[in-house]
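Single-structure report; data block below.
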Amino acid sequence: MTRSHALGWGLLLVLVAAWEAVARSGVIEPIFFPPVSVILATFGRLFASGVIPDHMLASLINMFAGYLLAAIVAVPFGVLLGYNRALYNLFEPAIELVRPLPATAIIPLAILLLGIGAVEKIFIIFFTCSRTMVVNAMYGAQSVDPRLVETARSYGYSGFRLVGRIVFPASMPQIMTGMRVSLAIAVVIIVAAELLGSEKGIGHYTMLMQRTYSTPEMYAGVLSLCILGYILNRLFVLIEGRLMGWYAGLKSTMR
Amino acid sequence: MSAAIGLRFLDSRASGFALVLVLLGLWELLSRSMPGLEVLLPAFSSVASAFWAMTWSGELALHTLATLKKFFYGYATGIVVGVPLGILMGYFRPLYNLTEPTLELLRPAPAIAILPLAVLILGLDLRMQTFVIAWAAFWPILSSATDGVRGIDPILLDTARTYGYRGGTLFRRVVLPGALPYAMSGLRLALTFALILAVFVEMFTSGSGLGFLISHYRETLGVAEIYAAILAVALLGYALNEIFVRLERRVIRWHHVSREAL
């Protein structure tokens, strides 16, 4: 840790202290800005009693079910589309049609068709993520160096072996970009879906606390969402590092 | 002979449009052949005629404009705040060090987490909607602008300095163009997020906009109208993306040229 970092952390501390001081002075209604200490204490209490972990888990299960389902279906599909020109021609216009639709638009429809519950949430996340994943995997496979594919062919690779062993790994950087963007959008959409209809989940809980003017609990909910985003982000970087370690090595040797 | 025609068909773009038509036909057939399904999945023709009716009554235009207004206020605010701040953070190391830990804590938070807070403090009006959309757009813009500036080749900066570029000129001629291609990717992601949030805040709060229209028809069970409104949102998303891509091509055309020259 250098001095420059210390300065940044110092600023953060100053901001938190200023918040605490302003909140305690009573200048602003405590219903809007409870002191940080109260928020943290509330968060700690809700965390220990299992309220926040329960809601968080409910959100995470639905989100990951949809996200992983989308990855399993959409990534191989996208790679195939990027590799095979005929398949690309066949499916591209249909994908182009659903691609620009902002994911939130289908939430009320999903509620109408599937009712409020896990299936509805998983479907919404699947719909949201699969589009980004397909498109990125497709671009990734399209931008694979043709010489690489030709070389593999001359070594006797063909069909699924060629796609699985050569095209797929070579598309990984772009696939990971799609996975990363999808994850960021998925977190937003699962919370959005919970706000529009749910009995459980951290987004639902936070909004409920806002509606009942339980402000410290609401802030604790917002804090949980921040922490959730932070952990997911770290986790993704970690997994990406594992999966893409060879790529970083490759890039450095190519320099 | 017929195989050759088949191959040529698959080689052309025609197959894709044919698939779309086949899918729409299947939708129509499915909905018409199964009584009871109409309530959940109205025939495509019913959706099309609902879309047509809503277009002619001016309903779609009115609500599309309302959504556009919110989107534009929020997105523009995100850009106006995010781009300069991002560039400054990328350019001035001390500012980066000072703000990074605080921003690092806030950045990964899902943009929508701010909504309960915004509703509590700002209420349900346009200010709140603009704030939430701007918040969602701000983060990708800030990150990409910062990374764009930091990614500029130091040799390029030093060379420019040796040639006497300073301050404002250096900024305008070297830093800004250098950061632009990367910053555009952030602006694009921000557009996606801003649109997602614009539609959402309308479902959640307002009495206008395409998002409102969708949730309104869900409550009144105008199912064909829901599909028609979703179609309108898709068209809006398509149009905004198209405009963005065109602008992007204009703005960074020199970038491709300069890369090819290298």
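Sequence lines set the chain letters: A, B, ... in the order given, protein chains first and strands last, and positions in each chain run from 1.
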**Report entry** Tyr217(B), part contacting chain A, at a heavy-atom distance under 4.5 Å
**Finding:** neither
Report task. Taking atom CZ of Phe77(A) as the centre, report whether more than 12 heavy atoms of other residues, nucleotides or ligands fall under 6.0 Å from it. Result -> yes
Report task. Select one option (side chain, backbone, both, neither) describing which atoms of Val233(B) are under 4.5 Å from chain A's heavy atoms. Result -> both
**Report entry** Part of Phe193(B) lying under 4.5 Å from any heavy atom of chain A
**Finding:** side chain
**Report entry** chain A contact via Leu40(B) - side chain, backbone, both or neither, heavy atoms under 4.5 Å
**Finding:** both
Report summary line: Most contact-rich option vs chain B, by heavy-atom pairs under 4.5 angstrom, among Gly221(A), Pro100(A), Cys226(A), Ala103(A), is Pro100(A)
Report summary line: The interface call for Leu189(B) against chain A, heavy-atom contacts under 4.5 Å, is side chain
Report summary line: In terms of heavy-atom pairs under 4.5 Å with chain A, the winner among Ala234(B), Ala109(B), Pro108(B) is Pro108(B)
Query raised in the report: Between Leu120(B), Thr102(B), Ile114(B), which shows the greatest number of heavy-atom pairs under 4.5 Å with chain A?
Result: Leu120(B)
Requested in this report: With a 4.5 angstrom heavy-atom cut-off, could you sort out which part of Leu231(B) is near chain A: side chain, backbone, both or neither?
Outcome: neither
Query raised in the report: When rounded to the nearest 0.5 angstrom, what is the spacing between OH in Tyr230(A) and CZ in Arg107(B)?
Result: 10.5 Å
Query raised in the report: Of the listed residues (Gly203(A), Pro93(A), Ser224(A)), which shares the most heavy-atom pairs with chain B below a 4.5 Å separation?
Result: Pro93(A)
Query raised in the report: Between Thr192(B) and chain A, which part of the residue has a heavy atom less than 4.5 Å away: side chain, backbone, both or neither?
Result: side chain
Query - Phe236(A), CZ: over 12 other non-hydrogen atoms inside 6.0 angstrom - result: yes
Report task. Measure Ile111(A) against the heavy atoms of chain B and call it side chain, backbone, both or neither at under 4.5 Å. Result -> side chain
Query - Reported CG-to-CG distance for the pair Leu41(B) and Leu113(A), which is rounded to 0.5 angstrom - result: 7.5 Å
Query raised in the report: Can you tell me how far the CZ atom of Phe33(A) sits from the CD1 atom of Ile121(B), to the nearest 0.5 Å?
Result: 4.0 Å
Query raised in the report: When rounded to the nearest 0.5 angstrom, what is the spacing between CG in Leu117(B) and OH in Tyr219(A)?
Result: 4.0 Å
Query raised in the report: Relative to chain A, which of Val119(B), Thr99(B), Asn241(B), Ile226(B) shows the most heavy atom pairs under 4.5 Å?
Result: Val119(B)
Query raised in the report: When rounded to the nearest 0.5 angstrom, what is the spacing between OH in Tyr88(A) and OG in Ser15(B)?
Result: 11.0 Å
Report task. Evaluate whether atom OH of Tyr91(B) has more than 12 neighbouring non-hydrogen atoms of other residues, nucleotides or ligands under 6.0 angstrom away. Result -> yes
Query raised in the report: Residues of residues 178-190 of chain A under 4.5 Å from chain B (heavy atom pairs)?
Result: Val181(A), Ala184(A), Ile185(A), Val187(A), Val188(A), Ile189(A)
Requested in this report: Rounded to the nearest 0.5 Å, what's the gap from CG on Leu7(A) to CG on Asn97(B)? Could you check?
Outcome: 7.5 Å
Query raised in the report: Within the distance-only criterion (no hydrogens, no angle test), does the side chain of Thr104(A) pair as donor or acceptor with the backbone N or O of Val199(B) below 3.5 angstrom?
Result: no
Query raised in the report: If you look at every heavy atom in Pro116(B) and Met207(A), which pair is closest and at what distance?
Result: CG-SD, 3.8 Å
**Report entry** Interface moiety of Thr215(A) toward chain B, non-hydrogen atoms closer than 4.5 Å
**Finding:** side chain
Query raised in the report: If you draw a 6.0 Å radius around OH in Tyr83(A), do more than 12 non-hydrogen atoms from other residues or ligands fall strictly inside?
Result: yes
Query raised in the report: What are the two closest heavy atoms between Pro110(B) and Gly229(A), and how far apart are they?
Result: CD-CA, 4.3 Å
Report task. Mind running side-chain contact (heavy atoms from CB on, under 4.5 Å) on Leu109(A) and Ile230(B) for me, showing each step along the way? Result -> CA-CA 9 Å; Leu109(A) 186 65; Ile230(B) 291 177; 3.8 Å; yes
Requested in this report: Measure Glu219(B) against the heavy atoms of chain A and call it side chain, backbone, both or neither at under 4.5 Å.
Outcome: neither
Requested in this report: Could you please spell out the steps behind the side-chain contact (heavy atoms from CB on, under 4.5 Å) verdict for Phe200(B) and Leu196(A)?
Outcome: CA-CA 9 Å; Phe200(B) 181 73; Leu196(A) 287 177; 3.6 Å; yes
Report task. Please assess Leu19(B) against Leu90(A) for the test side-chain contact (heavy atoms from CB on, under 4.5 Å), listing each intermediate value before the final yes or no. Result -> CA-CA 7 Å; Leu19(B) 179 73; Leu90(A) 185 61; 4.0 Å; yes
Query - Tyr238(B) side chain near Leu101(A) side chain, heavy-atom distance below 4.5 Å - result: no
Report task. Find the one option among Val222(A), Asn233(A), Leu15(A), Leu112(A) whose heavy-atom pairs under 4.5 Å with chain B are most numerous. Result -> Leu112(A)
Query - Contact winner vs chain B - Arg211(A), Glu96(A), Met218(A), Met209(A), heavy-atom pairs under 4.5 Å - result: Met218(A)
Report task. Quick one: which of Val98(A), Ile231(A), Leu225(A), Ile227(A) has the most heavy-atom pairs under 4.5 Å with chain B, could you say? Result -> Leu225(A)
